[in-house]
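Below you'll find the structure, written out as structure tokens, and then a few comments.
Remember, it's 1-based here, ligands and their atoms both numbered in the order they're listed. We're numbering straight along the sequence, starting at 1. Scope of the values below: all heavy atoms of this structure, side chains included, with no hydrogens, waters or symmetry mates.
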Amino acid sequence: MPLALGVDSSTQSCKVVVVDAQTGAVIRTGRASHPDGTSVDPEHWWRALQHAIADAGGLHDVAAWAIGGQQHGLVALDAGGRVIRDALLWNDTRSAGAAADLIAEFGADELAARTGLVPVASFTITKLRWLRDAEPENAARVAAVALPHDWLTWRLRGFGPENPVLDELVTDRSDASGTGYWNPRTGEYDRDLLIAALGHDAVLPRVLDADASVRDAEGRAVGPGAGDNAAAALGLDAAPGDVIVSIGTSGTVSAVSSTPVIDPTGTVAGFADAAGAFLPLVATLNAARVLDAIAGLLAVSHDELSTLALEAARGADGLRLQPYFEGERTPNLPDASATLSGLTLASTTRPNLARAAVEGMLSGLSAGLDALRAQGVPLDRVLLIGGGAQSPAVRVIAPEVFGLPVAVPEPAEYVALGAARQAASLLH
Ligand SMILES: Nc1ncnc2c1ncn2[C@@H]1O[C@H](COP(=O)(O)OP(=O)(O)O)[C@@H](O)[C@H]1O
Ligand SMILES: O=C(CO)[C@@H](O)[C@H](O)COP(=O)(O)O
């Protein structure tokens, strides 16, 4: 029975699944936590990956592996393969001004046409421009630019400061499409944009086709991996009409499309998927952590928060939470903060606050559904995944807010499963 291993190196943690490569049955699992913060030393992810793999019984009997991970984070490497500074994550908004500068220089329409994206602070290109302007000495040292899953793949294959072969960095279409300097229509990097952002050229990971592979130091087959949203689509085997709503640290709304989606308003990101097609996606910065924050405020567990929310009536008697705790990406309001409105003596109850948190968080995702629909993406039903989907209140309230049937697949690590499925396909 050959085994395949898949990884989800996500914002809050690293999850590993080991599956039977023939049947897909999960044989072993492991996990480890990541530190908080929007700027993180990638060494933490590397240690968490090693812990999570050990927790899942190790690699000794594994024949193939692949890594899925949080998208967009900037891992800047020097010529010796050393990480130059803490990685700036997808939810770090310090590069909002750099996004505005790039739009002013090139125009939103041109950037959307060349890359499928209109820059917001999340995308890698804006982090490079921020680095050039805010830390020119660090920018000058950049010899290669990787993303979290690219860098972890490189490390686990046996590369790093001790063996710094930068040309061995590899990635896949889905994660390349989140950089802001890759063209989903041609499948090529747009080096002029990279240079405009960073100030000079650099090594970029080779973009492997979905069925291509490389090897690790022990000769195992290694898949190209994927951004976490594309890996989830693989793990769920989403069909046309399915729209995936993930409630993790980020809230995402995405669907597999056979054609690229180009939205010059920037609401829908025109990503590629991990199987040769496309993955139009809308992302919010405020999702599961909205529930974490309000549960903390009310000093209740997630289960108790859910019970409270279901005690309140639909609409929470007019109490509304606009949950922009971390600023927001869609709509593009990087400096916003959360607001609670509709407070009266009658509406200010614990159940109403719990309900307003769930409804406010889901409303942001509902706007994402509208944006995909406006791009002509067929939406028949929602597949609800991510940590927040474990909340019974979220499951009950989501169909009301979305106006669509909502299916909640059996709780599982769909990103890691998608990566494992990619790895398993290398053995067939
Ligand atoms: N039962 C639950 N109800 C609501 N939120 C939950 C529940 N269980 C976990 N979460 C939240 O889900 C988030 C983790 O989800 P996950 O999809 O793993 O995130 P990420 O992929 O961004 O690391 C955490 O913020 C956690 O508090
Ligand atoms: O920025 C995006 C998608 O564009 C996020 O979806 C990240 O990929 C992080 O995902 P999680 O760790 O929250 O699942």
Side-chain angles (χ1 to χ4, degrees), residues 7-15 31-36 38 40 45 48 52 68-74 88-93 116-117 119-124 126-127 147-149 174-175 177-180 226-233 244-254 266 268-272 279-296 300-309 325-326 328-330 354 357-358 361-362 365 368 384-398 408 411-416 418:
V7 176
D8 175 12
S9 176
S10 74
T11 312
Q12 296 192 47
S13 60
C14 183
K15 305 139 204 180
R31 67 183 297 136
S33 293
H34 288 160
D36 272 344
T38 62
V40 171
W45 303 332
Q70 55 173 313
Q71 295 188 251
H72 316 305
L74 168 62
L88 299 179
L89 305 200
W90 62 277
N91 53 356
D92 189 289
T93 54
L117 308 179
V120 288
S122 290
F123 301 143
T124 325
T126 71
K127 299 176 191 303
L147 301 180
H149 112 254
S174 68
D175 237 4
S177 71
T179 58
D228 53 2
N229 296 292
I244 303 166
V245 173
S246 170
I247 303 176
T249 317
S250 63
T252 61
V253 181
S254 64
V268 177
F271 295 152
L279 192 79
L281 179 144
V282 179
T284 69
L285 291 185
N286 298 284
R289 278 178 166 162
V290 174
L291 307 184
D292 295 352
I294 301 302
V300 293
S301 67
H302 274 302
D303 282 350
E304 290 164 333
L305 185 80
S306 171
T307 304
L308 281 171
F325 290 95
E326 298 213 90
E328 192 43 278
R329 163 166 158 188
T330 320
V358 175
M361 184 265 292
L362 290 172
L365 296 168
L384 193 64
I385 61 166
Q390 291 179 37
S391 158
V394 168
R395 297 174 185 204
V396 168
I397 297 169
V408 185
E413 297 300 343
Y414 286 100
V415 176

Any idea which atoms of ligand 1 are less than 4.0 Å away from a heavy-atom of [X]?
| X | result |
| --- | --- |
| G386 | 17 (O) |
| A288 | 11 (C), 12 (O), 13 (C), 25 (O) |
| G388 | 5 (N), 12 (O) |

Exercise for the section: Could you tell me the separation between the OG1 atom of T249 and the CG atom of N286, rounded to the nearest 0.5 Å? Expected result: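 If I round to the nearest 0.5 Å, the distance is 11.0 Å.
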Give the residue and atom name of whichever protein heavy atom lies nearest to [atom], and the separation in Å to one decimal.
| atom | answer |
| --- | --- |
| atom 24 (C) of ligand 1 | Q12 NE2, 3.5 Å |
| atom 27 (O) of ligand 1 | D292 OD1, 2.7 Å |
| atom 1 (N) of ligand 1 | Q390 CB, 3.6 Å |

Exercise for the section: Could you check S250 against Q70 for side-chain contact (heavy atoms from CB on, under 4.5 Å), going step by step and ending with a plain yes or no? Expected result: CA-CA 10 Å; S250 63; Q70 55 173 313; over 6 Å; no
Which atom names give the shortest non-hydrogen contact between [X] and [Y], and what distance separates them?
| X | Y | value |
| --- | --- | --- |
| A232 | I385 | CB-CD1, 3.9 Å |
| L305 | V300 | N-CG2, 3.8 Å |
| A309 | A354 | N-CB, 3.6 Å |

Problem - Option nearest atom 21 (O) of ligand 1 (shortest heavy-atom distance, choices S10, S9, A295, S33) - result: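 It is S10 that holds the nearest heavy atom.
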Handout entry: From G387, C14, A393 - option closest to atom 17 (O) of ligand 1 by heavy atom
Key =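 Selected option, by shortest heavy-atom distance: G387.
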Problem - D303-ligand 1 polar pair, N/O distance under 3.5 Å - result: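 No; every N/O pair is 3.5 Å or more apart.
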Exercise for the section: Say whether S250, considering both its backbone and side-chain N or O atoms, lies within less than 3.5 Å of an N or O atom on ligand 1. Expected result: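 No; the residue has no nitrogen or oxygen that sits under 3.5 Å from a nitrogen or oxygen of the ligand.
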Side chains of [X] and [Y]: does their closest heavy-atom pair fall under 4.5 Å?
| X | Y | answer |
| --- | --- | --- |
| V120 | T126 | no |
| S306 | R395 | no |
| C14 | H34 | yes |

Practice task
Verify whether one side chain among N229 and T252 offers a donor that lies under 3.5 Å from an acceptor in the other.
Solution key: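 Short answer, yes.
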Problem - Donor + acceptor pair across side chains of T11, W90 (<3.5 Å) - result: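 The answer is yes; a qualifying pair exists.
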Heavy-atom distances under 4.0 Å are what count here, so tell me which part of [X] touches ligand 1: side chain, backbone, both or neither.
| X | answer |
| --- | --- |
| T249 | both |
| H302 | side chain |
| K15 | side chain |

Handout entry: side-chain contact (heavy atoms from CB on, under 4.5 Å) between T284 and L365, intermediate numbers included
Key = CA-CA 7 Å; T284 69; L365 296 168; 4.2 Å; yes
Problem - Near ligand 2, at a heavy-atom separation below 4.0 Å: residues by chain and residue number - result: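 Shell around ligand 2 (4.0 Å, heavy atoms): S10, T11, Q70, Q71, H72, W90, D228, N229, T249, S250, T252, F271, L281, R329.
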Problem - With F271 via ring pair (Phe, Tyr, Trp, His ring centres under 6.0 Å) - residues at least two apart - result: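 Checked F271 against ring pair (Phe, Tyr, Trp, His ring centres under 6.0 Å); matches are H72.
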